[in-house]
Amino acid sequence: MRNCFLKRFLQISSSSRFLNSSRRNKVSAPFIDKEGETAESLRENPGFSYGLNWGLAGKGVIVKDKAFQNLKSSELLAKGATIAETLSGLPLHVRGTLGGNSTISKAQYSKLLKQVTTHISSVSNIFVHDGAIGLSPESDAKVRVISDSPSAILSLSSVLWETPTRAVSHDSCPLTVYIATSISTAVEDIIGLGAQGNNGFIAADIERSSLILCGKAFADINGTKLALTALSEPVIFARGGLPLSARLLVSWDSVVLLFAPENAIQSYSDLLVSADAGVVLSPQGVAPLFQTKKLGGINPYRIPSAVILATSDSSGTIPSISKLSPGQAAYHFLAGYQNGEFVPAYAKVETIPGTDRPC
């Protein structure tokens with residue numbers, strides 16, 4: 001897997017220049033063209049659609065009364081949506097090939113999914129939003145969000161990229177997000193997870209391409225993005241994209257791919273296309289995983305002209321600025337890419353006095 005990852009990185013980036021530097025460039029906000037028609041143009045009877053109802057039934061949700069799909073923010077507010085206070089650090093359970101803060105068994109997740117779909121099926125109005133992680137139609141991950149609350153949809157719609165009408169229903173392996181804001185807190189004990197706090201929790205199953213947000217978990221944007229990233233990576237990689245823990249700098253008509261430690265990047269977050277560490281690199285170009293409001297002027301969806309690796313070297317062996325070959329860049333990339341994050345740091349090894357043995 002590691003060799004396959006490296007091979008894909010070199011193939012896509014073969015035309016780029018590699019730099020090892022701590023310099024930052026000012027970013028001009030980019031512009032993204034919207035493709036395809038919006039789902040709202042097809043809603044002849046708001047709240048009722050045979051096709052949508054069948055699609056939801058296939059995901060275990062039976063529409064009791066109405067299901068509203070891809071409503072605008074103003075329409076969601078008219079349905080009672082409110083802007084939720086941002087939360088952080090909610091319990092995150094991930095099942096599958098990638099890790100998380102805690103684990104959940106297959107049986108527990110299946111039981112939780114049954115409880116959640118039954119709950120959503122019991123409410124009068126269901127809200128659905130279709131979006132995508134990544135911008136390339138060829139290598140993005142389509143997402144369908146199914147919720148019992150317009151507030152949750154309002155929150156998630158600001159995270160996902162827009163996608164053409166029916167793109168999710170025609171996709172071979174879309175991700176599904178179930179949001180049960182009003183489900184009983186007793187569900188935690190029913191499935192054997194124990195107390196998860198008053199605000200809810202996040203559970204993801206990578207094998208099912210499924211995410212569940214209970215209670216107010218939808219307001220934990222960082223936790224939700226972390227779970228969506230874990231779910232989308234296998235899909236994006238299978239479609240020829242390369243998910244990377246990097247950020248984008250845009251200067252004039254050039255797009256630069258930046259790898260830097262989290263603590264080094266925070267002071268310059270206003271110069272980046274997105275403060276989130278997460279992009280998709282594909283033969284068509286590079287773009288953030290999640291929606292960003294910093295758009296206008298330049299389209300970042302193109303092959304990067306350079307890749308910058310910002311490192312921390314206490315050994316004093318790496319020059320302040322170095323132009324690297326693709327092979328050297330690959331070495332430094334793998335040396336600093338650990339557990340899904342780019343944290344390059346080269347420490348000077350202390351030795352036992354009078355020997356060359358490390359302490």
### Query
Does F127 have any ring pair (Phe, Tyr, Trp, His ring centres under 6.0 Å) partners at least two apart in sequence or in another chain, and if so, which?
F68
### Query
Does the W161 side chain pair with the main chain of P288, one donor and one acceptor, at a distance under 3.5 Å?
yes
#### Entry: Rounded distance [0.5 Å steps], CG in L228 versus CD1 in I202
9.0 Å
### Summary
Between S210 and Y109 the two heavy atoms that sit nearest each other are OG-OH, 2.7 Å
### Query
Mind checking what makes side-chain contact (heavy atoms from CB on, under 4.5 Å) contact with A132, not counting sequence neighbours?
D140, K142, T163
### Query
Under the salt bridge (charged side-chain N to carboxylate O under 4.0 Å, His left out) rule, what pairs show up with a residue in residues 104-122, not counting sequence neighbours?
none
### Message
Going by the rule salt bridge (Lys or Arg N to Asp or Glu O under 4.0 Å), which residues pair with D205 if we only count those two or more places apart in sequence or in a different chain?
### Response
R95, R208
### Query
Would you say Q69's side chain and D130's backbone share a donor-acceptor pair under 3.5 angstrom?
no
### Message
In the structure I gave you, are the side-chain heavy atoms of L309 and L324 within less than 4.5 Å of one another anywhere?
### Response
yes
### Query
What do you reckon, is CG of D65 surrounded by more than 12 foreign heavy atoms closer than 6.0 Å?
yes
### Task
For A227 and L211, work out which heavy atoms get closest and say how close.
CB-CD1, 3.6 Å
### Query
Under the side-chain contact (heavy atoms from CB on, under 4.5 Å) test, which residues partner V123, sequence neighbours left out?
H119, I126, D148
#### Entry: Non-neighbouring partners of S209 that pass side chain to side chain donor-acceptor pair (under 3.5 Å), sequence neighbours left out
none
### Query
Residues in side-chain contact (heavy atoms from CB on, under 4.5 Å) with I83, at least two apart?
L154
### Task
Hey, could you give me the CG/CG distance between L87 and N222, rounded to the nearest 0.5 Å?
11.0 Å
### Task
Could you pull out all residues at least two apart from K225 that satisfy side-chain contact (heavy atoms from CB on, under 4.5 Å)?
V159, I221, D276, F290
### salt bridge (Lys or Arg N to Asp or Glu O under 4.0 Å) involving K216 - partner list, sequence neighbours excluded
none
### Task
Could I get the full list of side chain to side chain donor-acceptor pair (under 3.5 Å) partners for N125, not counting sequence neighbours?
none
### Message
Using a 3.5 Å distance criterion without hydrogens, assess whether the side chain of D220 forms a donor-acceptor pair with backbone atoms of L90.
### Response
yes
### Message
Taking side chain to side chain contact (heavy atoms under 4.5 Å, CB included) as the criterion, tell me which of V307, V279, L248, L272 meets it with L258.
### Response
L272
### Query
For the side chain of S151 and the backbone of T82, is there at least one donor-acceptor N/O pair under 3.5 Å apart?
yes
### Query
CZ of F259 to OG of S245: how many Å apart, nearest 0.5 Å?
8.0 Å
### Task
Return the minimal non-hydrogen interatomic distance between K79 and P150, and the atom names on each side.
O-CG, 3.8 Å
### Separation of S147 OG from I153 CD1 (nearest 0.5 Å)
4.5 Å
### Query
Any donor-acceptor pair under 3.5 Å linking the side chain of Q291 with the backbone of L160?
yes
### Query
Ignoring hydrogens and geometry, is there a side-chain-to-backbone donor-acceptor pair from S121 to I62 under 3.5 Å?
yes
### Task
State yes or no: do V143 and V168 share one hydrophobic cluster built from I, L, V, M, F, W and Y residues joined by side-chain heavy-atom distances below 4.5 Å, directly or via other members?
no
### Query
Testing L242, I133, I236 for side chain to side chain contact (heavy atoms under 4.5 Å, CB included) with V280, which one passes?
I236
## Note on the structure
Of L112, L213, V145, L113, the one forming a side chain to side chain contact (heavy atoms under 4.5 Å, CB included) with Y178 is L113
### Task
Determine the minimum heavy-atom distance between R239 and C173, stating which atoms define it.
NH2-SG, 3.2 Å
### Message
Using 0.5 Å steps for rounding, measure from the CG atom of L56 to the OG1 atom of T117.
### Response
11.5 Å
### Message
Among L281, L244, V256, exactly one meets side chain to side chain contact (heavy atoms under 4.5 Å, CB included) together with V286. Which residue is that?
### Response
L281
### Query
Where is the tightest heavy-atom contact between A217 and T224, given as atom of each residue plus distance?
O-OG1, 3.6 Å
#### Entry: Approximate separation, where rounding is to 0.5 Å, of L135 CG and S282 OG
9.5 Å
### Partner residues of E188 under the side chain to side chain donor-acceptor pair (under 3.5 Å) criterion, sequence neighbours left out
none
### Task
Could you check if a side-chain atom of L175 sits within less than 4.5 angstrom of a side-chain atom of S232, using non-hydrogen atoms only?
yes
### Query
Backbone N or O of P243 within a donor-acceptor pair of the E233 side chain at under 3.5 Å?
no
